[in-house]
Asker: 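Just passing along the structure, written as structure tokens.
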Amino acid sequence: MAKIRDRTEDFKDVVRQTALSLGYNESKMAAILSSFIIRKPLQRTSFTKAALKTLESIRTLEQFIMQHRKDYVDMHRTTEQERDSIEHEVTIFIKACKDQIDILKNSISGEEANSRGWLGIRGDHSNADTIAHKHGVVLILSERLHSVTAQFDQLRAIRFQDAINRRIPRKKMKRVSSSNATEIPKSINSELREPDEPQPEPLRVQQQLLDDETRALQVELSSLLDAVQETETQMVEMSALNHLMSTHILQQAQQIELLYEQAVEATSNVELGNKELSQAIQRNSSSRTFLLLFLFVLTFSIIFLDWYS
């Protein structure tokens, strides 16, 4: 049995000589060989970069919520101002992510509108699969943002419930303390007014001071109660707004999914229409050929009958 000869080195020599004859030097050939070994990474499109940036923002938002979870829920770790600051930052994060998703949706709509020509036929630079893939990316980002906002809604509900639980016993204690504070001066006045003797001047001054302190305490308690009620109203409004925002985001995700299905259906309809047009063109050409053949045969038959007669 004949031995197999390895001609790899001969092939390399032939390729090298051919490259030298075409004007390639050693540096160019080394660069070409290295490009075969180490391939350059593919350039990402602007849509991919924006989608990755949006995903990174959503991940940052989720990490921020998990990092400040205990600080936001536990009232002993932070103050009300710090919790309001956390909630404000989360709201800004959510709005920024939503704006980025809207920009992606607008870019898809613009690309889809530009790619359509006459009769809905797409050009060569874009296809239905790419647009459908982009719709899917936007849908995934919307669902991810909605899941993160739902987590923060749960934390806000816990904070709101804690505020309600803390307010109810305080309100009862304030009512009891105010009633006791009003009863104490009355008892003092009754005890001081029991003897028929005229009240000395120091007792009258002390009674006046007690009355002033009681009125000041009542005013302070009423102002604190109004502040608590105002804070509760603001928390309810913020919770309602955030819930409304999350609901709108979910609705937009559903609308994007519906648009994705409609885009796929429209693509299939366009392909079916193109097939029907091609079949109609074929039928038209075949009928035209048949008509020409029929006219030719008819003319030849008339000429033959006239000659025969």
Side-chain angles (χ1 to χ4, degrees), residues 49-106 135-175 220-260:
K49 293 179 181 178
L52 292 175
K53 183 180 178 181
T54 305
L55 180 61
E56 186 66 25
S57 301
I58 295 174
R59 288 176 179 173
T60 305
L61 173 61
E62 187 175 7
Q63 292 176 0
F64 181 81
I65 292 174
M66 296 302 295
Q67 183 179 0
H68 296 83
R69 179 186 180 92
K70 295 182 180 180
D71 296 334
Y72 185 79
V73 175
D74 193 356
M75 63 179 180
H76 301 291
R77 294 172 65 95
T78 54
T79 60
E80 288 292 335
Q81 290 79 9
E82 292 176 349
R83 287 194 286 272
D84 292 339
S85 177
I86 292 172
E87 189 167 352
H88 180 67
E89 291 181 4
V90 171
T91 305
I92 293 175
F93 262 113
I94 293 174
K95 188 177 183 302
C97 295
K98 184 177 178 299
D99 292 339
Q100 291 176 3
I101 292 175
D102 291 338
I103 292 172
L104 291 176
K105 288 192 294 185
N106 293 331
H135 280 296
V137 171
V138 173
L139 178 61
I140 292 172
L141 292 175
S142 300
E143 291 179 350
R144 183 70 178 272
L145 180 60
H146 180 263
S147 64
V148 175
T149 53
Q151 293 177 6
F152 190 72
D153 284 338
Q154 294 177 358
L155 298 180
R156 184 183 284 108
I158 294 172
R159 179 190 176 188
F160 179 65
Q161 188 64 36
D162 291 339
I164 293 176
N165 295 334
R166 284 187 283 111
R167 178 182 175 275
I168 292 174
R170 284 185 178 181
K171 191 173 181 180
K172 292 180 180 179
M173 290 175 62
K174 288 177 180 179
R175 289 178 179 177
E220 184 179 0
L221 290 175
S222 62
S223 62
L224 287 175
L225 180 60
D226 295 336
V228 170
Q229 290 177 353
E230 185 179 359
T231 303
E232 288 177 357
T233 304
Q234 292 178 357
M235 289 180 64
V236 170
E237 291 177 354
M238 292 176 66
S239 178
L241 289 174
N242 189 64
H243 180 69
L244 182 63
M245 182 182 294
S246 61
T247 304
H248 283 313
I249 291 174
L250 180 60
Q251 291 178 356
Q252 289 179 358
Q254 294 175 355
Q255 291 177 358
I256 291 171
E257 186 175 3
L258 180 62
L259 289 174
Y260 172 75

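Worth knowing before you read on, the calculation uses all heavy atoms, side chains too, and leaves out hydrogens, waters and symmetry mates.
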Asker: Keeping to residues at least two apart or across chains, list the side-chain hydrogen bond (donor to acceptor under 3.5 Å, both in side chains) pairs with something in residues 54-66.
Answerer: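 Qualifying pairs: T54-Q100, E62-R144.
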Asker: Give, for atom NE2 of H135 and atom CG of L104, the distance between the pair rounded to the nearest 0.5 Å.
Answerer: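 Taking NE2 in H135 and CG in L104, the distance rounds to 11.5 Å.
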Asker: Looking only at non-hydrogen atoms, find the nearest pair between I101 and S142 and report the distance.
Answerer: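 What the structure gives for the nearest pair is CG2-OG, 3.6 Å.
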Asker: Kindly indicate, with the supporting measurements, whether the criterion side-chain contact (heavy atoms from CB on, under 4.5 Å) is fulfilled by E82 and D71.
Answerer: CA-CA 9 Å; E82 292 176 349; D71 296 334; over 6 Å; no
Asker: Return the CD1 to CD distance between I86 and Q67, rounded to the nearest 0.5 Å.
Answerer: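 Rounded to the nearest 0.5 Å, the CD1-CD separation comes to 9.5 Å.
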Asker: Using side chain to side chain contact (heavy atoms under 4.5 Å, CB included) as the criterion, point out the one residue from D99, T91, I92 that pairs with K95.
Answerer: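 Result: among D99, T91, I92, D99 is the only option passing the side chain to side chain contact (heavy atoms under 4.5 Å, CB included) with K95.
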Asker: Of all heavy-atom pairs between K70 and R77, which one has the smallest distance, and what is that distance?
Answerer: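 Here K70 and R77 meet closest at O-CD, 3.5 Å.
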Asker: Nearest 0.5 angstrom please: T78 OG1 to D84 CG, how far?
Answerer: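 It comes to 9.5 Å.
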Asker: Any donor-acceptor pair under 3.5 Å linking the side chain of T231 with the backbone of A227?
Answerer: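 Yes, the answer is positive, given that a donor and an acceptor are paired below the 3.5 Å cut-off.
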Asker: Quick one: CG on L141 to NE2 on H146, what's the gap to the nearest 0.5 Å?
Answerer: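 Rounded to the nearest 0.5 Å, the CG-NE2 separation comes to 14.5 Å.
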Asker: Can you name the ring pair (Phe, Tyr, Trp, His ring centres under 6.0 Å) partners of H68, sequence neighbours left out?
Answerer: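 H68 satisfies ring pair (Phe, Tyr, Trp, His ring centres under 6.0 Å) with F64 once adjacent residues are dropped.
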Asker: With sequence neighbours excluded, what pairs up with Y72 under the ring pair (Phe, Tyr, Trp, His ring centres under 6.0 Å) test?
Answerer: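 Counting only residues at least two positions away or on another chain, Y72 forms a ring pair (Phe, Tyr, Trp, His ring centres under 6.0 Å) with F152.
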Asker: Can you name the nearest heavy-atom pair linking K98 to L145, along with the distance?
Answerer: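 Looking at all heavy atoms of both residues, the closest pair is N-CD2, 4.0 Å.
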